[in-house]
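Single-structure report; data block below.
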Amino acid sequence: APPHMCPPFFFPHHRVMAKLYQLDDLVAKLPVDRRSLKTALEGSIKMSFVKWYHSLYDMSRLKSILLQCYALKAVSESCLTLCNTIQNSISPEVKRLTGVDYLAIYVASLDTLFSPAVMDLMERWSQKKELAATTSYALYLNTKRMCVITKQLEATDLKGLQLMNCQCWFKKMVPVWLNAALVTCKERIDRAVEEDKIAIVTDEVCYSSSLVDTLTFLHQMVDFWNNLEWTSPEETYAFVGELINCITDAAKYYVEQIYTRAFEHTSGMEQFSITVRECIILNSMKHMQLMLSPEPSSSAVAGLLDELELHKTFDWLQQEIGIGEQGRILVGNVVKSAAEDIGQKITSESEKLVMQFIPAIRVFIDEAMQAAQGATIEQVLSPLGEYLNTNLKTLSSNLLFSVFRNLLEDI
């Protein structure tokens with residue numbers, strides 16, 4: 001079987017060894033330092049793990065830092081799988097029969113081989129421009145999960161373990177991951193806008209499918225942060241600020257993309273008519289603004305920013321290092337500024353709509369002024385009334401009420 005499928009000293013090997021040590025004649029012939037079953041088992045476990053690990057990872061063969069990271073990520077997956085297996089199956093059985101703490105020995109061996117390799121790689125890698133963010137992020141998650149399992153050991157076994165400080169190894173990578181997440185989010189937004197469709201989100205109002213997709217992309221950025229489970233207050237303060245900047249940047253980018261496409265289809269029209277498309281774009285822009293709005297009256301806020309549980313983060317920062325309130329104000333200002341920027345786009349979009357709508361109305365008024373003598377009021381004003389009725393009905397049926405009210409005031 002491949003090496004990664006053969007974890008070291010897998011049971012029932014320990015059972016065989018335990019039975020051998022029940023043979024008095026065999027034990028009497030062993031060297032003094034190996035007559036203890038516990039000592040012999042501990043030595044065997046250490047030796048077998050070292051051999052197994054080196055069969056997976058040979059740094060000397062890989063010259064590229066990126067290739068080393070890909071290899072170390074694969075190793076971390078194998079080590080994590082083995083770690084889970086040892087914790088759930090092997091270690092309890094070995095400890096019951098022999099008193100040997102298999103998991104503690106495994107973690108100690110892992111710490112002498114895996115930890116230095118990751119630390120060295122991250123130190124050299126963070127100085128490079130071309131970074132495979134996805135691979136290093138996966139490596140971090142696997143390392144963090146092994147660290148979580150490690151914390152279940154006795155306090156004496158945890159002392160001096162480098163693995164317990166694994167977040168320090170990766171802290172230079174967090175801004176890289178955030179930037180990569182933002183770049184990926186914008187690329188997905190571009191595709192979503194290209195393939196835009198009307199999406200019925202509620203019974204009352206429609207949005208563009210690109211809005212629904214973009215909110216999903218922003219939720220993924222939130223999930224990314226929550227999965228980090230960062231424990232340093234000082235670093236968390238800085239990273240949360242960068243995360244909020246990324247989220248607001250992506251939200252504004254989405255609004256900019258649909259804003260530039262709003263009236264592409266209206267050029268060359270003989271008579272301007274308001275369509276569902278303009279309403280959907282305005283709705284989508286407004287919803288994105290509400291999603292970012294720091295006002296508690298905005299029901300859309302609960303959809304994204306509350307998932308970050310920033311209030312808990314800032315309470316913790318206030319308790320730990322006394323800057324929670326400062327962080328709350330800073331994030332609030334960033335979000336408010338982004339919401340205002342989007343609000344300006346909505347206003348500009350509405351003004352564009354009005355600037356095309358009003359001239360069309362004036363055409364009907366001019367025609368009415370030139371009506372033939374003897375024409376009735378109904379005959380003169382009927383075309384204008386019909387035009388207004390059709391377009392205002394489109395607006396009232398498809399726009400969010402707050403957007404419709406503001407648009408009527410502009411008209």
Side-chain angles (χ1 to χ4, degrees), residues 192-215 254-291 293 297-300 339-411:
V193 172
E194 285 285 347
E195 302 168 358
D196 218 351
K197 298 176 183 177
I198 295 175
I200 302 176
V201 180
T202 70
D203 293 335
E204 299 177 354
V205 69
C206 296
Y207 302 97
S208 64
S209 62
S210 62
L211 171 71
V212 180
D213 293 338
T214 299
L215 290 176
Y254 167 70
V255 169
E256 183 65 34
Q257 297 311 301
I258 60 172
Y259 173 80
T260 57
R261 293 170 177 268
F263 293 97
E264 286 180 349
H265 71 295
T266 61
S267 59
M269 290 177 60
E270 291 184 7
Q271 183 186 79
F272 174 76
S273 293
I274 296 171
T275 67
V276 175
R277 175 188 170 85
E278 285 83 46
C279 297
I280 297 306
I281 289 176
L282 283 168
N283 285 345
S284 299
M285 294 168 72
K286 185 63 178 179
H287 188 87
M288 190 61 75
Q289 182 192 33
L290 292 175
M291 186 277 294
S293 172
S297 59
S298 172
S299 60
E340 289 174 350
D341 289 345
I342 293 175
Q344 291 175 3
K345 288 294 183 184
I346 295 172
T347 300
S348 178
E349 176 80 359
S350 298
E351 289 174 353
K352 279 185 179 181
L353 200 63
V354 172
M355 288 177 66
Q356 295 192 64
F357 189 42
I358 295 302
I361 295 175
R362 285 178 180 153
V363 169
F364 284 102
I365 294 176
D366 290 342
E367 290 176 353
M369 296 292 289
Q370 299 172 15
Q373 287 187 349
T376 64
I377 292 293
E378 183 178 354
Q379 290 173 330
V380 171
L381 296 182
S382 179
L384 173 61
E386 199 172 306
Y387 178 77
L388 287 173
N389 183 60
T390 300
N391 284 279
L392 292 178
K393 186 176 181 181
T394 300
L395 291 173
S396 63
S397 301
N398 296 285
L399 278 181
L400 291 167
F401 177 73
S402 60
V403 180
F404 177 57
R405 181 189 59 204
N406 293 338
L407 195 60
L408 279 183
E409 290 176 358
D410 290 340
I411 294 173

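Along the sequence shown, the residues carry numbers beginning at 1.
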For [X] and [Y], indicate whether the former's side chain and the latter's backbone hold a donor-acceptor pair under 3.5 Å.
X: Thr260; Y: Gln257; result: yes
X: Gln289; Y: Ile342; result: no
X: Asn391; Y: Ile274; result: yes
X: Tyr259; Y: Lys345; result: no
X: Glu386; Y: Pro383; result: no

Over 12 non-hydrogen atoms of neighbours within 6.0 angstrom of CD in Glu409: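 Yes, CD of Glu409 has more than 12 neighbouring heavy atoms, counting only those of other groups under 6.0 Å.
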Pair Asp196, Ser210: side-chain N/O donor-acceptor within cut-off below 3.5 Å: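 Yes.
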Between Gln344 and Thr347, a side-chain donor and acceptor under 3.5 Å: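 There is no such pair (donor and acceptor under 3.5 Å, judged by atom type) between the side chains of Gln344 and Thr347.
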Gap between atom [atom2] of [Y] and atom [atom1] of [X] - 0.5 Å precision:
X: Ile281; Y: Ser208; atom1: CD1; atom2: OG; value: 7.5 Å
X: Met291; Y: Leu211; atom1: CE; atom2: CG; value: 8.5 Å
X: Asn398; Y: Lys393; atom1: CG; atom2: NZ; value: 10.5 Å
X: Leu392; Y: Ser397; atom1: CG; atom2: OG; value: 10.0 Å
X: Asn283; Y: Ile258; atom1: CG; atom2: CD1; value: 10.0 Å
X: Leu384; Y: Ile365; atom1: CG; atom2: CD1; value: 6.0 Å

Stepwise side-chain contact (heavy atoms from CB on, under 4.5 Å) test for Glu195 and Ser209: CA-CA 8 Å; Glu195 302 168 358; Ser209 62; over 6 Å; no
Between Tyr387 and Phe272, ring centroids under 6.0 Å: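 Between Tyr387 and Phe272, the centre distance exceeds or equals 6.0 Å.
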I need the minimum non-hydrogen distance between [X] and [Y], along with the two atoms involved.
X: Pro359; Y: Met355; result: CD-O, 2.8 Å
X: Thr275; Y: Thr394; result: C-CG2, 3.9 Å
X: Ile411; Y: Val354; result: CG1-CG2, 3.8 Å
X: Phe404; Y: Leu399; result: CA-CD1, 3.8 Å
X: Ile346; Y: Leu282; result: O-CD2, 4.1 Å

Quick one: are [X] and [Y] in side-chain contact, heavy atoms under 4.5 Å?
X: Thr390; Y: Ser273; answer: no
X: Met288; Y: Leu215; answer: yes
X: Leu381; Y: Phe364; answer: no

Phe357 six-ring centre to Lys352 NZ/CZ under 6.0 Å and within 45° of normal: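 Geometry flag: not set, cation outside 6.0 Å or 45°.
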Step-by-step side-chain contact (heavy atoms from CB on, under 4.5 Å) determination, Val380 to Thr376: CA-CA 6 Å; Val380 171; Thr376 64; over 6 Å; no
